[in-house]
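Contents: one structure, followed by commentary.
Chain naming here is simple, since letters A, B, ... match the order of the sequence lines and numbering starts at 1 in each. Nothing here was measured: the structure is a model prediction, and the numbers come from that model.
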Amino acid sequence: MIDIKVTEAPLDIPACINWVMSPQSGGIDVFIGTVRDATQGKPVLRLEFEAYVPMAMREMTKLAEQALEKWPLHKVLLHHRTGVLPIGDVPVVIAVSAAHRAAAFDACRFLIDTLKQTVPIWKKEIFEDGEVWVAAHP
Amino acid sequence: MKVNVLAFGIAKDIFGKPAVAVEVEENTTVATLKSALEAQFPRLKQLSSFMIAVNSEYAQADNVLQARDEIAIIPPVSGG
């Protein structure tokens, strides 16, 4: 089972964890991305996330399907936030459940690593003296 | 034919708006559209890379565009 969401609303971490729980699962792995207060030593004021929502949903669904093919998982959840996020806020939650922990750990890592490479979502770092779209330039 | 290209992230800043209409020949490929966009917006060449999506899927360079396709420019992604 797959649950994908791209939303402007705050992510509900306990609800995400509850959704992946099942009596068959012996382990749940959760990745929570949070807004860090600096990048390479430079203070960050906030982040802004923008998504091409229909395509992001499709790419996230593909990732979840790939994870379900590669590992014996029970449930896969990917939620990503858009809009302006202050320091400490949560832009991404990934949660997976499986009978055993190895599959849950491996799948969770695959999902966040691949999401960062393929899903059409963009992050802008806002500094005191300017702003930068992350990864845009070499 | 005229195609409408949606833009996100830094591409939207470079276009100065969330979409641009580009006049292209019939049976234009993704590669030709990319060249046309780079000619019109030279700052695109400074990006690490950019992809074109057609109907919400990453497109290959030789994909042929149709007037009714939903086309988007996808600059380097940075979610998560």
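At most 12 heavy atoms of other shown residues, nucleotides or ligands fall within 6.0 angstrom of atom CD in B:Glu25. Within 6.0 Å of NE2 on A:His137 lie more than 12 heavy atoms contributed by other residues, nucleotides or ligands. The environment of A:Lys5 atom NZ is sparse: at most 12 non-hydrogen atoms of other residues, nucleotides or ligands sit within 6.0 angstrom.
Hydrophobic clustering (ILVMFWY, side-chain heavy atoms < 4.5 Å, transitive): A:Met57 and A:Tyr52 are in distinct clusters. Under a hydrophobic-cluster definition in which Ile, Leu, Val, Met, Phe, Trp and Tyr are linked whenever side-chain heavy atoms come within less than 4.5 Å, directly or via other members, B:Val77 and A:Val132 are assigned to different clusters. Criterion: ILVMFWY side-chain heavy atoms under 4.5 Å apart, direct or through other members. Under it, A:Val53 and B:Ile74 are not part of a common hydrophobic cluster. In terms of hydrophobic clustering, with Ile, Leu, Val, Met, Phe, Trp and Tyr side chains grouped at heavy-atom distances under 4.5 Å, B:Phe8 and A:Val134 are assigned to different clusters. Both A:Val44 and A:Val92 are members of a single hydrophobic cluster when ILVMFWY side chains are connected at heavy-atom separations under 4.5 Å.
Atom CD of A:Glu59 is separated from atom OH of B:Tyr58 by 5.5 Å, given to the nearest 0.5 angstrom. Separating the OG atom in B:Ser78 from the CD atom in A:Glu50 is a distance of 10.0 Å, to the nearest 0.5 Å. Summarising the geometry, atom CE belonging to A:Met55 is positioned 10.5 Å from atom CG belonging to B:Asn55; distances are rounded to the nearest 0.5 Å.
Panel note: side chain A:His80, backbone B:Gly79; no donor-acceptor pair is recorded below 3.5 Å.
Within the 4.5 angstrom heavy-atom criterion, no atom of A:Ala56 approaches chain B. When heavy atoms are compared at a cutoff of 4.5 Å, A:Phe49 approaches chain B solely by way of its side chain, counted from C-beta outward.
In terms of heavy-atom proximity, A:Pro138 sits nearest to B:Ser48 at N-OG, 3.1 Å. Closest non-hydrogen pair, A:Pro91 versus B:Gly80, comes out as CG-O, 4.3 Å. Minimum interatomic distance between B:Ser56 and A:Pro54 (heavy atoms only, all atoms of both residues): OG-CB, 4.0 Å.
Other cluster members for A:Val20: A:Met1, A:Leu11, A:Ile13, A:Ile17, A:Trp19, A:Met21, A:Ile28, A:Val30, A:Ile32, A:Leu77, A:Val90, A:Val93, joined by side-chain heavy-atom distances under 4.5 Å among Ile, Leu, Val, Met, Phe, Trp and Tyr.
Residues of residues 103-130 of chain A that come closer than 4.5 Å to chain B, counting heavy atoms only, are A:Ile112, A:Leu115, A:Lys116, A:Gln117, A:Thr118, A:Val119, A:Pro120, A:Ile121, A:Trp122, A:Lys123, ordered by residue number.
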